[in-house]
Amino acid sequence: MTTKSLRALKGERPIVALTAYDFPTAVHADEAGVDLLLVGDSVGTTVLGHPNTIPVTVEDMRHHAAAVLRALPEALVVVDLPFGEASFGRDRVLEVCRDFLRLGAGAVKLEGGREQEELRGFLVEAGIPVIGHIGLLPQQVAVEGGYHRRGSRPGEEDALLADAASVERSGCFACIGELIDAGVAGRIREHLGIPFIGIGCGPDCDGQILVCHDILGMGPDDPPGFAKVYAELGTQVRRAFEAYRDEVRSGRFPS
Ligand code: KIV
């Protein structure tokens, strides 16, 4: 899958996107036919045990992106630009993005709406395929004081439509929207010529992206209400470890 073929899916069929942070997950997701694998900075909470995505570094992203890319997926692999990078100046951001592309990534993701238009445009001009991310921005949790749904408060719909238009104007091949009211998400999708991929935005999007640990029931915490849980791997893993513990304690070592 390329950024061009992914973009061409708008109006054809819904785009299937999922996060992945390691080699086996990338193999399974790719064999299942997922279109886009995001090495998201959600690796910070799902895998690295941080309370939010803020501590995630470029080195963390590089390490996990390399593992996903070793699966040689057919899916488009997108790597998140972690917190704070965008503020270091465009030349440093460009160098980080180039590094991700040299590793084999197909594109990078950059959180932010109109305030990041210039940076996105600069990166696209420099040959970096970029996917935008609007609505709830997890990297802003420290200033926002939490994670809030967007779209119903006065002025929010107009602001979100303007952010989405800005993402398209800066040359992005797609836009992710997070935790936006379903009606507003539907209007964003109508206004955009590029795919609008939602997470917690209802069904009226060009595709859906979810966090793999949420849909696999892997997390120590309950997944967000919008994430359907397709397997209870956390429980299964714990039961397997308990069975192993009991066998070893009773002296039954596998030969
Ligand atoms: O990091 C991530 O997993 C994301 C998704 C929630 C879109 O940004």
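Note that ligands are numbered from 1 as they come in the structure, with each ligand's atoms numbered from 1 the same way.
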Q. Are R98 and E95 within salt-bridge range, i.e. N to O under 4.0 Å?
A. yes
Q. Where do E144 and R150 land on the salt bridge (charged side-chain N to carboxylate O under 4.0 Å, His left out) test, with the steps shown first?
A. CA-CA 12 Å; E144 294 280 336; R150 304 289 197 279; 3.4 Å; yes
Q.
I want to check something: taking the side chain as every heavy atom from C-beta on, are V78 and F100 in contact at a cut-off of under 4.5 Å?
A. no
Using a cut-off of under 3.5 Å, which N/O atoms of ligand 1 pair up with protein N/O atoms, and what distance separates each pair?
residue, atom, partner, partner atom, Å
ligand 1, 1 (O), D41, N, 3.2
ligand 1, 1 (O), D41, OD1, 3.0
ligand 1, 1 (O), S42, N, 3.1
ligand 1, 1 (O), S42, OG, 3.3
ligand 1, 1 (O), D80, OD2, 3.2
ligand 1, 3 (O), S42, OG, 2.5
ligand 1, 8 (O), K109, NZ, 2.9

Q: Not counting sequence neighbours, which residues clear ring pair (Phe, Tyr, Trp, His ring centres under 6.0 Å) with H64? List them please.
A: none
Q: Quick one: pull up CZ in R102 and SG in C97 and give me the separation to the nearest 0.5 Å.
A: 11.0 Å
Q) Applying the 4.5 Å side-chain criterion to the ILVMFWY set and letting contacts propagate, would Y147 and I180 be lumped into a single cluster? A) no
